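Before any comments, here is the structure.
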Amino acid sequence: MIRRKHTIGLRRDNPFNDEDVNPNSYITNLADCMLVVMLGLLVALVARYHVNLDQQITGVQVNMDQNQDGVVDDNYRATGTVYYDENTGTYYMVSE
């Protein structure tokens, strides 16, 4: 007859079983798995649609003087003031 040395009964009766159970560790592992899946989906979409990640997003330049007379056309309304920082090369718009 074959006897098992390590059975569930031995584990239950063992007073030196110091196994700590932390239910929050399972939630952490689940969150890690979700992050890995989402990152994989993001990489797959970038690879599928050939997204250029090196491009810079810039504003759209609008010609506000269609008839080239040096005056802003009547269909535009002033809503604030724009300041240009020459050191950084950025524009700041302050609404009134």
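Quantities reported herein were computed from a predicted structural model and do not represent experimental measurements. Side chains included, hydrogens not; waters and symmetry mates left out as well; all remaining heavy atoms used.
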Linked hydrophobic residues, Val82 as query - side chain contacts closer than 4.5 Å: Tyr84, Tyr91, Met93
Residues which pass side-chain contact (heavy atoms from CB on, under 4.5 Å) with Ile27, listed by chain and number, not counting sequence neighbours: Asn24
Sequence-distant partners of Asp85, side-chain hydrogen bond (donor to acceptor under 3.5 Å, both in side chains), two or more places apart: Thr88
By side-chain contact (heavy atoms from CB on, under 4.5 Å) - contacts of Leu35 (at least two apart): none
Could you tabulate the donor-acceptor pairs under 3.5 Å formed by side-chain atoms of residues 39-51, not counting sequence neighbours?
none

Set of side-chain contact (heavy atoms from CB on, under 4.5 Å) partners for Tyr26, sequence neighbours left out: none
ILVMFWY cluster membership beyond Val36 - transitive side-chain contacts under 4.5 angstrom: none
Distance-only donor-acceptor check, side chains Thr81 and Tyr83, under 3.5 Å: no
Residues clustering with Val37 (ILVMFWY side chains joined when closer than 4.5 Å, directly or via others): none
